[in-house]
Number of protein chains: 4
Amino acid sequence: MTDTSVAAGQLRSLIERIERLEEEKKAIADDIKDVYGEAKANGFDTKVLRQVVRIRKQDQAERQEQEALLDLYLGALGGAAASAPDDGV
Amino acid sequence: MTDTSVAAGQLRSLIERIERLEEEKKAIADDIKDVYGEAKANGFDTKVLRQVVRIRKQDQAERQEQEALLDLYLGALGGAAASAPDDGV
Amino acid sequence: MTDTSVAAGQLRSLIERIERLEEEKKAIADDIKDVYGEAKANGFDTKVLRQVVRIRKQDQAERQEQEALLDLYLGALGGAAASAPDDGV
Amino acid sequence: MTDTSVAAGQLRSLIERIERLEEEKKAIADDIKDVYGEAKANGFDTKVLRQVVRIRKQDQAERQEQEALLDLYLGALGGAAASAPDDGV
DNA sequence: CACTGGAAAATGCCGC
DNA sequence: GCGGCATTTTCCAGTG
């Protein structure tokens with residue numbers, strides 16, 4: 001089999017996988033829309049709701065960053081004890 | 001139980017559902033990225049790849065739009081006379 | 001003259017240009033609305049009309065995308081070998 | 001000439017006018033983009049710039065509303081004089 | 001007059 | 001780090 005036909009097969013496979021995944025992604029996006037719709041039907045203001053979700057996502061990102069920083073500190077301490085920073089003397 | 005606490009419970013539930021779904025969505029988006037990465041590792045030009053995917057999506061969208069247009073035509077013909085207006089003489 | 005007052009002058013000028021252009025844009029949008037209104041007054045179904053315009057726009061967009069894809073292909077072929085990768089054996 | 005061919009001619013004309021106007025609109029939108037680009041090249045933060053434009057638009061809308069309100073009041077006073085409300089005695 | 005769907009604006013993201 | 005692309009969000013007109 002030629003290189004190009006191999007490549008063509010690979011290409012086809014890649015495209016199909018991507019398209020499959022994008023469909024799944026869209027399905028979930030639609031689900032999210034539905035939930036917002038349900039919220040609205042229950043009298044919630046979807047605009048505010050979206051803000052809440054956004055803020056919580058930010059908070060979470062911050063928290064993770066802080067944990068990462070903590071890990072860095074702990075790692076720098078050499079796996080041994082302590083929480084007070086070593087000033088290098 | 002008060003109305004507000006009921007609402008609070010509903011709100012909490014809605015937020016959780018949305019956040020769960022957004023996580024899933026993100027996971028799939030990451031999968032898609034992985035596939036593009038794999039494609040690139042196999043020597044494919046991801047820019048071309050993305051363009052191909054985009055065009056195929058457009059084709060599909062267009063087909064759907066045309067069907068919608070047909071429905072509109074048929075509806076207009078069935079409805080009364082419409083769409084092809086008479087010139088009032 | 002200070003830097004900040006120069007910047008202030010520039011800023012004012014930029015804002016004015018943008019606002020002027022946005023006014024023009026709005027005027028044209030209103031014109032478009034008028035045309036749809038006129039169409040409706042002549043018995044045309046504006047929904048159908050809008051769909052037709054949308055489809056024609058899509059057609060055009062698609063044509064442009066395909067040209068872009070062709071450019072990409074040609075570029076990839078010219079660049080080295082790329083796009084159709086060898087399978088490394 | 002038949003009604004339908006008359007309608008077809010009208011339709012064609014309407015579509016063309018709409019498409020022409022949409023092109024013009026797009027051209028202006030592109031101009032606006034250019035101005036933002038120029039602003040950025042001069043060191044302005046386009047995000048802030050957009051906010052400024054938005055706020056000024058809101059202000060303007062408010063001012064117009066207040067003028068409309070004023071007109072309403074004046075009209076209610078019977079076209080005659082005065083700015084102090086009549087308490088009906 | 002609220003709701004839906006579609007256009008436009010804005011933001012975020014990814015690759016170079 | 002920036003320009004372009006995709007996504008998201010907001011806005012608005014049309015409709016029942």
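Chain A is the first sequence line, chain B the second, and so forth, proteins listed ahead of strands; every chain is numbered from 1.
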Subject >> Backbone of A:F44 reached by a side-chain donor or acceptor of A:N42 within 3.5 Å >> reply: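 It does not hold such a pair.
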Original post:
Is it true that a side-chain atom of B:E65 and a backbone atom of C:Q51 form a donor plus acceptor pair closer than 3.5 Å?
Top reply: no
**OP:** Select from A:Q51 and A:E22 the residue whose nearest nucleotide in DNA chain F is closer to the 5' end of that strand.
**Re:** A:E22
**OP:** Find which nucleotide of DNA chain F each of D:Q58 and A:A29 is nearest to by heavy atoms, and output the residue with the more 5' nucleotide.
**Re:** A:A29
Expressed as a whole number of angstroms, how long is the span from [X]:[atom1] to [N]:[atom2]?
X: B:D34; N: E:dC14; atom1: CG; atom2: P; result: 12 Å
X: C:D30; N: E:dA8; atom1: CG; atom2: P; result: 13 Å
X: B:K33; N: E:dC13; atom1: NZ; atom2: C1'; result: 8 Å
X: D:D45; N: F:dC2; atom1: CG; atom2: C1'; result: 14 Å
X: C:E19; N: E:dA9; atom1: CD; atom2: C1'; result: 16 Å
X: D:R50; N: E:dA9; atom1: CZ; atom2: P; result: 9 Å
X: B:K26; N: E:dG12; atom1: NZ; atom2: C1'; result: 12 Å
X: B:L72; N: F:dT15; atom1: CG; atom2: C1'; result: 13 Å

Subject >> Lys/Arg-Asp/Glu bridge criterion (N-O < 4.0 Å) met for C:R20, C:E24 >> reply: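 Looking at C:R20 and C:E24, the cut-off is met.
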**OP:** Would you indicate which nucleotide in E:dG15, F:dT10, F:dC5 comes nearest to any side-chain atom of A:R54?
**Re:**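 Shortest atom-to-atom distance from the side chain points to F:dT10.
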Original post:
Just wondering, do C:L70 and C:E67 contact through their side chains at under 4.5 Å, heavy atoms?
Top reply: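 Not in contact.
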Original post:
Below 4.5 Å, heavy atoms only, C-beta onward: do D:V35 and D:D31 meet side chain to side chain?
Top reply: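 Sidechains of D:D31 and D:V35: no contact.
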Original post:
Considering heavy-atom distances to DNA chain E, does B:T46 or C:K57 have its closest nucleotide positioned more toward the 5' end?
Top reply: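 In this pair, the answer is C:K57.
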Need one value for [X]: base, sugar-phosphate or nothing, where a base atom within 4.0 Å counts as base even if backbone is also close, heavy atoms only.
X: D:K47; result: sugar-phosphate
X: A:K25; result: sugar-phosphate
X: C:K40; result: sugar-phosphate

